[in-house]
Amino acid sequence: MSERAPKRYTDGSVTFEGGVDSGVMPSEVDRNQVAFAVNASFRQGFVSPRPGFIQKDMVICDAITADNITITSDITNITADGWSEECYNPSGLTGILQCALPYIADNGRTFILMLISGKVWLYDIDQNSVQNISTSSSFYNPSNILDGWMVQAENFVIIQDGVSDPLIFNGVGIRRANVDEIKCGRMMAYVNGRIWYALENGFSFRATDIVYGDGTRASVLKETENTFLNSGGDFAVPSDSGGITAMGIPGNPDTSLGQGPLLIFTPKYVFSINAPVDRDVWKNLNYPIQAISLLTNGALGSRSAITVNGDVFYRAVDGVRSFIIARRSFNDWGNTPISNEVLNITDNDQTNLLWASSAVVFDNRLLMTAQPRYNSEGVIHKALLVLDFDLITSMRKKFPPAWAGIWTGLDVLQVLKSENAYGDRCFVLARGADGSLQFWEISKSEKYDKSVASDKKKIEWLIQTRAYNFEIPFGLKRLDSGDIFIDELDGANSLDGQTDYVDRKVSFNVKYRPDQYPGWIDWANWSECATTDQCGSLCPTLKNFQPQYRPKMRLPTPEDTSCNSTISTPTRNLYEVQMELAMRGFCRIKSIRVHAYD
């Protein structure tokens, strides 16, 4: 009797606009998703590396006056007014980053204010220079405090550390708050013409005077309106709430300022403050100014509670949450976070360090710090969680947001965004390997990382696919081969310091995992050469190189030598197979296919 020929099976993924889902077993991941990703982007249905990080080679200027230091003529020139004409440049910016805030001047120029070990520094984004503006010891705050808070109200920035009198920056210099101005406090928000801020005790909060109350912008700094609650003027949260941790402002397009009610976050509750502009009518209202909006899972960090259109996203104990979705789910039995797709990351975060988390919305992505670690100079974050709002958008269809896994490569201290009428830019304050503070910019389309030390650095990225069972979940199969379809293959690399490029290759390393095997088994390792740039002085003529494509890169049959000793079975014999693809360099993965036979 003749034997039946083995039947061949094929499974795979054609597109990847669904992003990452690590919250379910790999076989339950949707076909247009992957189980996990590092440094990946999922836009237009492809998988590609994240945009490049670009280090800013900034000029550091430590402001020096003739009053507080003796300067020799070979270092700087001292003018009659006491300011130096040139900068004394320290070798690097060091210290504890307590907080940072983008600042928009009245003329539209953008800066970043930083409180570093008690001193205020100003980073000029256009000039790519940073300057110490704490020109006197009277403007120094304690240097050993790990946290701080800033808010911009009109052209002023108020700087708090919870123990010192506030510092006020007016676009030119800094000063201490006067006795009739804002008091020592903690987190702040500028809402509907007033600065709301938490007091030192962490449970009480109050508001300053209304802007232009006395005809000037500076009235927003004062505290002279105190008729609420029989002249008391303070609000408070319950003692069992855990204290105030953040303030958020959802957007509202049907108001004069585009702002909704102020949200006061605690670890346990969320309160909403709906206060009229005129403080004189507060005590005569027949509805509560302060009301409980959520009864569970509030925010843990002030810089990670951010406005996303009409919503506020924030980091809670159990993951990333949306205020609107949490409110909508209040009548359901389960009120869950929106980050279950990256549960393997959020579940392993150190909860006691989440106060240091920060987040921005940039290029239609939510970037939120994750994996915090403590060291002697504060809290660093080993990764950024990424939620993409713009996977595929057209007039005819729009895909829902999807998680893109994590982005790594920097020890992130804080992520922040500057914006003006001409666009927005995203910056990362990071801790360098030598302990210095570094400025990095997250690009929108760069294919490579660029540091001060190297012109271009290939991005290392990784995806883990869903578990493919070939539509026969209970049928034993034998893994045969696989195919990967890519385009936009770009092998350009940085100069090696001589006359030619190091290499023009994109490397691939593929592993597989049979069934629920605890580790990954090597499958194939190779490189694809793709010249897309000029080769310096060695090229006699100019050529118009273009990114390349590979319609099908065949994965060979895995070796038979691997054996699962636990169940005494060759690893090629399986019910389902999961793949891990690690790449170094730029390309876009269009589709993945895997073959097996019975």
Side-chain angles (χ1 to χ4, degrees), residues 8-16 34-42 46-50 52 405 408-409 447-449 454 456-468 477-496 500-514 517 519-533 535 545-563 570-572 574 577-597:
R8 185 179 175 87
Y9 302 100
T10 298
D11 203 347
S13 298
V14 178
T15 60
F16 298 95
V34 299
F36 187 56
V38 178
N39 288 335
S41 173
F42 293 85
F46 298 91
V47 188
S48 60
R50 58 159 171 79
T408 63
K447 295 181 179 180
Y448 301 93
D449 289 340
S454 61
K456 291 181 181 179
K457 180 182 177 182
K458 294 178 181 178
I459 298 173
E460 298 182 8
W461 52 295
L462 173 148
I463 62 171
Q464 295 175 355
T465 69
R466 67 186 298 268
Y468 301 114
K477 294 156 291 273
R478 188 168 176 83
L479 182 61
D480 180 47
S481 60
D483 302 303
I484 304 174
F485 301 77
I486 66 171
D487 68 357
E488 294 293 326
L489 187 66
D490 190 336
N493 201 2
S494 60
L495 289 168
D496 62 0
D500 202 4
Y501 286 83
V502 176
D503 65 66
R504 296 181 177 83
K505 297 178 181 179
V506 177
S507 61
F508 298 82
N509 190 324
V510 180
K511 300 179 181 180
Y512 73 98
R513 181 167 67 180
Y517 191 74
W520 295 92
I521 302 170
D522 289 330
W523 189 347
N525 189 352
W526 77 99
S527 298
E528 295 288 335
C529 183
T531 301
T532 58
D533 51 14
C535 53
F545 294 111
Q546 297 295 321
Q548 301 179 14
Y549 77 102
R550 301 290 186 270
K552 185 173 66 173
M553 297 187 298
R554 173 55 59 94
L555 299 176
T557 301
E559 297 181 358
D560 281 320
T561 54
S562 298
C563 180
T571 54
R572 285 180 59 197
L574 43 83
V577 61
Q578 191 177 3
M579 299 170 62
E580 179 183 88
L581 285 71
M583 284 69 61
R584 182 176 179 271
F586 189 89
C587 70
R588 298 192 309 184
I589 298 177
K590 181 178 181 292
S591 302
I592 296 174
R593 186 170 61 180
V594 62
H595 308 287
Y597 56 87

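Heavy atoms only: backbone and side chains are in, while hydrogens, waters and symmetry mates are out. Predicted model only: the values in this text are computed from it and were never measured.
- Considering only heavy atoms from C-beta on, His595 comes within 4.5 Å of Asp483 through its side chain.
- Asp449 and Arg50 are joined by a salt bridge, as a carboxylate oxygen and a charged side-chain nitrogen come within less than 4.0 angstrom of each other.
- Remark: Phe508 pairs with Trp526 by the ring-ring contact (aromatic ring centres under 6.0 Å, His included) rule, at least two apart or across chains.
- Within 6.0 Å of atom NZ in Lys590, 12 or fewer heavy atoms from other residues, nucleotides or ligands are found, so the atom counts as exposed in its surroundings.
- Listed for the Lys458 side chain is a donor-acceptor partner under 3.5 Å among the backbone atoms of Lys505.
- In this structure, the side chains of Arg550 and Phe485 stay at 4.5 Å or more apart for every pair of heavy atoms.
- Side chain of Thr557 to main chain of Asp480: a donor-acceptor pair is present (N/O by atom type, distance under 3.5 Å, no hydrogens or angles).
- Atom CE of Met583 is separated from atom CG of Leu489 by 11.5 Å, given to the nearest 0.5 angstrom.
- Residue Ile484 comes nearest to Ile589 through the heavy atom pair CG2-CG2, 4.3 Å, listed as atom of the first residue, atom of the second, then distance.
- Note: Ile486 CD1 to Phe586 CZ = 11.0 Å, rounded to the nearest 0.5 Å.
- Taking the side chain as every heavy atom from C-beta outward, Pro514 and Ile521 approach each other to under 4.5 Å.
- Interatomic distance, OG of Ser507 versus CD of Glu460, reported as 7.5 Å (0.5 Å rounding).
- Contact of the Cys587 side chain with the Glu488 side chain is not registered, since no non-hydrogen atoms from C-beta on lie closer than 4.5 Å.
- Here the side chain of Asp487 pairs no donor or acceptor atom with the backbone of Tyr549 at under 3.5 angstrom.
- Tested against Leu581 for a side chain to side chain contact (heavy atoms under 4.5 Å, CB included), the candidates Val510, Leu462, Val47 yield a single pass: Val510.
- Pro547 and Lys447 make their closest contact through CG-NZ, 4.1 Å (heavy atoms, listed as atom of the first residue, atom of the second, distance).
- Here Tyr512 pairs with Trp523 under the ring-ring contact (aromatic ring centres under 6.0 Å, His included) rule; sequence neighbours left out.
- Contact between Pro49 and Ser41 at its shortest, heavy atoms only, is O-CB, 4.0 Å.
- Smallest separation of non-hydrogen atoms from Gln578 and Trp520: O-CZ3, 3.5 Å.
- Between Ile592 and Arg466, the closest side-chain pair of non-hydrogen atoms is not below 4.5 Å.
- Heavy atoms only, all atoms of each residue included: Gly52 and Ile459 are closest at CA-CD1, 4.1 Å.
- Scanning all heavy atoms of the two residues, the minimum distance from Tyr597 to Arg572 falls at OH-NH2, 3.5 Å.
- Taking CZ from Phe46 and CZ from Arg588, the interatomic distance works out to 3.5 Å, rounded to the nearest 0.5 Å.
- Atom CG of residue Asn39 and atom OG of residue Ser48 lie 11.0 Å apart, to the nearest 0.5 angstrom.
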